[in-house]
Undergrad: 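Structure in structure tokens, see below.
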There are 2 protein chains.
Amino acid sequence: MLELAILGFLRDRPLHGYDLRKRVAALMGHVRPVADGTLYPAIKRMAAAGWLTRKDEPGAVAAPRRMLYLTDEGRAELERRLRDPDDLDISDENRWFTLLAFLRQLDEPKEQAAVLRRRLAFLEEPTSFFYDGDRPMAAEEFGDPFRQGLLTIAHATSQAELAWLRATIDALVALDGSA
Amino acid sequence: MLELAILGFLRDRPLHGYDLRKRVAALMGHVRPVADGTLYPAIKRMAAAGWLTRKDEPGAVAAPRRMLYLTDEGRAELERRLRDPDDLDISDENRWFTLLAFLRQLDEPKEQAAVLRRRLAFLEEPTSFFYDGDRPMAAEEFGDPFRQGLLTIAHATSQAELAWLRATIDALVALDGSA
DNA sequence: TCAATATATATCGGATCCGAGGTATACTCG
DNA sequence: CGAGTATACCTCGGATCCGATATATATTGA
């Protein structure tokens with residue numbers, strides 16, 4: 001997921017690692033930024049894969065910066081990941097949020113809509129969080145406020161997402177039809 | 001986080017690995033269950049740490065089951081993790097949800113409320129997801145429907161959680177006062 | 001002026017996780 | 001009766017991640 005964020009940010013403009021770190025933290029980390037011990041190895045790894053190149057930037061700032069440029073291979077890899085995301089079928093909000101932040105970078109509205117439809121199909125599957133043996137338990141069955149809270153929050157989240165998904169898919173289809 | 005789920009489920013009743021796998025999948029995994037290659041090493045690890053004991057169950061079922069029993073050390077470890085969760089300050093919904101599912105296992109309403117208050121404080125911090133240089137960008141600034149969607153969903157989620165948190169903290173405080 | 005903080009990059013060990021593969025028995029359906 | 005599926009446990013290699021640690025300079029505030 002970190003790799004997708006790096007590819008996405010670099011498609012907008014070249015950045016050095018420290019700047020990238022702040023942007024990734026804002027998107028994925030909030031309080032605790034992504035650890036340096038995670039980010040810099042990831043950059044190195046992705047440079048080895050040929051997705052980005054590094055160039056030293058002799059500048060006015062304290063430490064020497066290494067600017068990161070997305071290569072054509074990196075751009076192709078980004079498009080591949082946006083078009084065919086592996087994990088729309090699991091309930092990992094962070095992954096979905098990161099994807100959502102960069103999905104606009106796909107050129108075709110039709111392909112953007114296709115990704116959203118897969119997510120919609122996933123969210124429309126019935127979900128159960130708790131079981132008594134093999135029998136799924138309904139929210140009303142436990143007075144436990146914490147499990148009630150879990151279901152309340154999960155429900156509100158998926159309702160908000162569903163509403164937005166449906167509206168956005170419609171808009172993308174209309175956009176594609178009129179083009 | 002997997003370890004917290006295992007401790008929490010075993011506090012309710014002894015389970016064998018395969019049963020645990022289904023419950024963990026229902027809570028954390030939904031479509032894709034936690035991999036066997038993750039769960040069984042985790043069980044082994046936790047047995048080595050003294051948090052649970054394993055006993056072979058010669059039974060009528062196909063393969064021999066190994067029942068898992070939480071030890072006193074395991075119960076103490078669970079309470080420690082519920083009381084002092086490391087990561088209420090990061091935006092990982094899965095962690096928070098797992099914690100929420102077992103927080104009722106803390107005996108004192110006062111301590112339950114204390115955990116919720118820390119989460120409340122985190123959610124009340126202003127958050128920005130996107131930056132133009134160092135300047136945080138408001139939702140209105142980009143017409144981009146994907147970033148708008150990101151903010152819409154994030155906002156709805158945190159509003160639902162805030163409302164539930166405030167109500168539940170009040171209820172716990174009242175409960176503690178009347179006891 | 002001196003300490004602290006911010007800038008900036010990097011390595012290393014340890015932890016956890018996933019995917020692929022392996023083993024074996026019971027039940028169900030054609 | 002045979003194939004497929006469900007039950008049930010496990011190992012191993014590879015990937016990613018975090019925390020600690022290291023280095024070095026510029027800026028800011030007491």
Side-chain angles (χ1 to χ4, degrees), chain A residues 1-7 14-25 28-29 31-49 51-68 81 86-87 89-92 94-95 98 133-134, chain B residues 1-7 14-25 28-49 51-52 54-68 81 86-87 89-92 94-95 98 133-134:
Chain A
M1 225 9 49
L2 176 59
E3 293 187 357
L4 179 61
I6 293 173
L7 292 171
L15 297 166
H16 55 274
Y18 199 73
D19 199 349
L20 199 49
R21 172 170 163 260
K22 283 189 289 188
R23 284 163 203 262
V24 170
M28 297 174 57
V31 169
R32 181 187 307 188
V34 172
D36 288 353
T38 302
L39 181 66
Y40 288 105
I43 290 170
K44 196 180 180 183
R45 196 165 68 222
M46 292 168 75
W51 297 336
L52 52 90
T53 53
R54 291 183 280 185
K55 208 169 81 176
D56 280 11
E57 196 88 345
V61 288
R65 291 173 172 170
R66 303 190 77 178
M67 285 301 273
L68 307 172
R81 293 194 189 200
D86 295 333
D87 295 320
D89 55 340
I90 64 166
S91 58
D92 183 331
N94 245 6
R95 281 179 199 216
T98 304
D134 276 339
Chain B
M1 231 0 56
L2 176 57
E3 293 188 357
L4 178 61
I6 293 174
L7 293 171
L15 297 166
H16 56 272
Y18 201 71
D19 199 350
L20 198 50
R21 173 171 163 259
K22 283 190 287 190
R23 285 163 203 264
V24 170
M28 296 174 57
H30 187 23
V31 169
R32 182 186 309 186
V34 172
D36 287 353
T38 302
L39 180 66
Y40 288 105
I43 290 171
K44 196 179 178 183
R45 195 165 69 222
M46 291 166 77
W51 298 335
L52 51 92
R54 291 183 282 184
K55 208 168 80 175
D56 279 13
E57 196 87 346
V61 288
R65 290 173 171 169
R66 304 191 77 179
M67 285 300 275
L68 307 171
R81 292 192 190 202
D86 295 333
D87 295 319
D89 55 339
I90 66 165
S91 58
D92 183 331
N94 246 5
R95 282 181 198 214
T98 304
D134 277 337

Undergrad: In whole angstrom, give the distance that lies between atom OH of A:Y40 and atom C1' of D:dA20.
TA: 16 Å

Undergrad: Can you list the stems that include DNA chain C, where a stem is three or more consecutive Watson-Crick or G-U pairs with distances under 3.5 Å?
TA: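 Detected stem regions: C:1-30 with D:1-30.
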
Undergrad: Any idea which of C:dT7, C:dA10, D:dA8 is nearest the B:Y18 side chain?
TA: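 Selected nucleotide: D:dA8.
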
Undergrad: Output the rounded distance in Å from CG (B:L68) to P (D:dC9).
TA: 7 Å

Undergrad: Can you identify which nucleotide, out of D:dC10, D:dT11, C:dT9, has its nearest atom closest to the B:R54 side chain?
TA: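 Per side-chain heavy atoms of B:R54, the pick is D:dC10.
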
Undergrad: Is the shortest side-chain N/O distance from B:H16 to OP1 or OP2 of D:dA8 below 4.0 Å?
TA: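 Indeed, a polar side-chain atom of B:H16 lies that close.
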
Undergrad: Which is it for B:R95 and B:L4 under the side-chain contact (heavy atoms from CB on, under 4.5 Å) test, yes or no, and what are the steps along the way?
TA: CA-CA 9 Å; B:R95 282 181 198 214; B:L4 178 61; over 6 Å; no

Undergrad: Among the candidates C:dA8, D:dT7, C:dG19, find the nucleotide nearest to the side-chain atoms of B:R65.
TA: D:dT7

Undergrad: Under 4.0 angstrom, heavy atoms only, what part of the nucleic acid is B:G17 near: base, sugar-phosphate, or nothing?
TA: sugar-phosphate

Undergrad: For DNA chain C, whose closest nucleotide is more 5', that of B:D36 or that of B:L39?
TA: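 Result: B:L39.
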
Undergrad: Can you measure B:K22 atom NZ to D:dA8 atom C1' for me and round it to whole angstrom units?
TA: 11 Å

Undergrad: OP1 or OP2 of D:dC9 versus the side-chain N and O atoms of B:K44: is any pair under 4.0 Å?
TA: no

Undergrad: Which whole-number value in Å describes the distance from A:L20 CG to C:dA8 C1'?
TA: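 Roughly 13 Å, once rounded to whole Å.
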
Undergrad: Not counting sequence neighbours, which residues clear side chain to side chain contact (heavy atoms under 4.5 Å, CB included) with B:R45? List them please.
TA: B:E3, B:A42

Undergrad: Using only side-chain N and O atoms of A:R66, determine if any of them is under 4.0 Å from OP1 or OP2 of C:dT9.
TA: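 For A:R66, the contact criterion (side-chain N or O under 4.0 Å from OP1 or OP2 of C:dT9) is not met.
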
Undergrad: Over all strands shown, is A:R21 touching base, sugar-phosphate only, or nothing at heavy-atom distances under 4.0 angstrom?
TA: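 No contact at all - A:R21 keeps every heavy atom at 4.0 Å or more from the nucleic acid.
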
Undergrad: What is the separation between atom CG on A:D19 and atom P on C:dT9, rounded to the nearest whole Å?
TA: 9 Å

Undergrad: Anything under 3.5 Å between a protein N or O and an N or O of nucleotides 14-16 of chain C, put it in a table, one pair a line.
TA:
| unit_1 | atom_1 | unit_2 | atom_2 | d |
| --- | --- | --- | --- | --- |
| C:dT16 | OP1 | B:E3 | OE2 | 3.4 |
| C:dT16 | OP2 | B:R45 | NE | 3.2 |

Undergrad: Let me know which of B:H16, B:K22, B:R23 forms a side-chain hydrogen bond (donor to acceptor under 3.5 Å, both in side chains) with B:D19.
TA: B:R23

Undergrad: Considering the options A:M67, A:R65, A:K44, which one meets the side-chain contact (heavy atoms from CB on, under 4.5 Å) requirement together with A:R54?
TA: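 Of the listed residues A:M67, A:R65, A:K44, the side-chain contact (heavy atoms from CB on, under 4.5 Å) partner of A:R54 is A:K44.
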
